[in-house]
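Everything on this sheet refers to the single structure shown next.
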Amino acid sequence: MPTSPKKNVREKKRLQLDWRFVQRFLSIQKVLFPSWTSQSVLMFGTLLVLTLTEQLIIYQVGILPSQFYMVLADKDYAAFRNLITLAILLILLNSTLKSLDQYICSQMYVGWRQSLTENLHADYFRGRVYYTLNVLREDIDNPDQRISQDTERLCKQMSNMASRIIVSPFTLAYYTYQCYHSTGWMGPVSIFGYFVVGTISNKMLMGPIVHTLFQQEKLEGDFRFKHMQIRVNAESAAFYRCVCVCVMSAHTGLTRSQTLLSYSVGVNTFDYLGGFLSYIIIAIPIFTGIYDDLSPGELSALISRNAFVCIYLINGFSQLIDLSTTLSDVAGYTHRIGELREAMADILRRQCDYDPASGDNYDFDSDFNIHAGPADTAFVLDRLSFRSPDSDELLVEELSLKISQGRHLLVVGNTGTGKTSLLRVLNRLWEADSGFVQMTTCFGPRGILFLPQKPYLTDGTLREQVIYPLKDIYPASGSVDDERIIQFLELAGVSNLLKRTGGLDEKVDWNWYDVLSPGEMQRLCFARLFYLQPKYAVLDEATSALTEEAEGQLYRLCKQLGMTLISLGHRSSLEKYHDVSLRLCGGGRWELTTLKENGADDGHVIEDTGL
Ligand SMILES: Nc1ncnc2c1ncn2[C@@H]1O[C@H](COP(=O)(O)OP(=O)(O)OP(=O)(O)O)[C@@H](O)[C@H]1O
């Protein structure tokens, strides 16, 4: 028996910098760097060359002061002039390289964000993954936020880290050598020891940050979602006069900044102590008399050079420690995105027996197992039983039924008895408990089209509303189509929209949901149905906001256009447009009855329209 998706809720583990983070991070890197010849790899290589060159220049700039000490002590004017020219050239070169480095980092950020978003979208919009994630799974909060904001922040942080991480091994190795050369083993050993102590204390302070970031992002998502709900349902909320979007996101922001406070005290202390350590290291060879034979000018030059080398080495380590702040953010975002990817892969494997890692293309329609069968049949249901996701009680038990062309079916029953759920099972949004659904017609504008209980409108022009889900003007010859669309808008009773929108192709600056009344929305959906003329129209209380008279007109039109109707509704007035009635009685029980002959009711509404 298939398990309910809601029972898949995984136990929440505390997320941190662990092996799971490494696995998730590497799997995201495979998306960002798909092959050795990919653009990201090329950019990364260029960045490596640039940052290394930049480091060579920085070294030259760093030892300039020691050369200045020498020439000033010797009062060598010609050498001083040459040194000034060299300094200006080096600084110009350095700033150019730095700007190029920043440019490549920002390009990498854009490229990474695009690749990762496309990769997430590919799975999110494959089959019915987005439905399962948003409606049925409770373990993945705010998938939309993970795809938009978290992806953006992850890519931004990684691009910020990129050049620093690339260059670290080289600078650390080079300056360790230079430090050893100037101070003997004491210098590098004390700096390494200092780094180890700093790393251990940072790791301890950083642990809670990854988890708080994860929690904060979750609450940020909930916060935005609440605002979005208010935005979409502003009028209903205003009637209730009860709007409360709590300040939860601000609250966790506070918790996180408290956690960050102790952490940044650690990082700052490490940075400042590092500055002093360099002088202690340089002081040792001076006080032990190693440099006693040098003149004051030579000693100043040496101290300056040594100070640069030691401070740069300490700075290299400090930067690594500073990077850990960014790393904790990267870990938080990586967990959120990694978790989403794993959940999507899991849904795809369960629902569609498809492995996204295989790289094959997945055809959602093939998922419906369209069987060769009688051409005049849409569904054959054989002993079908199903329940709602978080319930143990069957909504419908062992339902056997054939839905065929020309035999209009009305599904009735009390609220919550499972009428819409039957459609969900037919549409494979929910798994059946047992039994079998055989489909012989495909979903889509020409096969079976659903008009859901809540009308779905796009945010485009009036034409786009009518032709939805088709995207292009259909058929190719636009003018004929315009006539059809206008005629169907008239027949559906919403031709006034043409005036309000200013034409079929005028972009409107209002939200369709805010300005159309529920009845207008339902009528507009009927115009869509007339335009698409599917073989089967599934109408889920599609006329609930209309009068019985308007309902009658629209139903008769659908039948005259050759559609077979499968309707869900409460009104007894609907019976006269159907041949069979399926009553869901609750507790799994159902009754199938044949309704009396209704042909006489099909009055002529479309006369000589050529439709
Ligand atoms: N996503 C969901 N998760 C859990 N339970 C759900 C979900 N959607 C619906 N249900 C439950 O399944 C049951 C059947 O719902 P369904 O929408 O099929 O009712 P209906 O017969 O169409 O009712 P109505 O006449 O009000 O439209 C209800 O108890 C409902 O609360």
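Counting starts at 1 for both ligands and their atoms, following the listed order. Remember, predicted model here, so these are calculated numbers, not experimental data.
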Exercise. Between atom OG1 of Thr420 and atom CD of Glu541, what is the distance when rounded to the nearest 0.5 Å?
Worked result: 6.5 Å
Exercise. Looking only at N/O atoms, are Thr420 and ligand 1 under 3.5 Å apart anywhere?
Worked result: yes
For this session: Could you say whether the N/O atoms of Leu395 and ligand 1 ever approach to under 3.5 Å?
Result: no
Exercise. Is Trp430 in contact with ligand 1, taking contact as a heavy-atom separation below 4.0 Å?
Worked result: yes
Exercise. Hey, which atoms in ligand 1 end up nearer than 4.0 Å to a heavy atom of Thr417?
Worked result: 21 (O)
Problem set entry | Partner residues of Arg153 under the side-chain contact (heavy atoms from CB on, under 4.5 Å) criterion, sequence neighbours left out | Gln149, Glu217, Tyr333
Exercise. Would you call Tyr531 and Leu561 a side-chain contact if the rule is heavy atoms closer than 4.5 Å?
Worked result: no
Problem set entry | ligand 1 versus Phe386: contacting region, heavy-atom distance under 4.0 Å | neither
Exercise. Judged by atom type as modelled, is there a donor-acceptor pair below 3.5 Å linking the side chain of Asn427 to the main-chain atoms of Leu423?
Worked result: no
Exercise. So which bit of Ser421 gets within less than 4.0 Å of ligand 1, heavy atoms only: side chain, backbone, both or neither?
Worked result: both
Exercise. What atoms of ligand 1 come closer than 4.0 angstrom to any heavy atom of His570?
Worked result: 25 (O)
Exercise. Numbering the atoms of ligand 1 from 1, which are under 4.0 Å from a heavy atom of Val135?
Worked result: 1 (N)
For this session: Would you kindly say whether Gln553 and Glu549 are connected by a side-chain donor-acceptor distance under 3.5 Å?
Result: no
Exercise. Do the rings of Tyr555 and Tyr577 sit parallel, tilted or perpendicular, given the 30° and 60° boundaries?
Worked result: parallel
For this session: Check each of Gly416, Gly413, Ser388, Pro389 against atom 28 (C) of ligand 1 and report the one with the nearest heavy atom.
Result: Gly416
For this session: Start with the C-alpha gap between Arg336 and Asp141, add the side-chain angles, then the distance that decides, and say whether salt bridge (Lys or Arg N to Asp or Glu O under 4.0 Å) holds.
Result: CA-CA 9 Å; Arg336 287 182 65 75; Asp141 67 86; 3.0 Å; yes
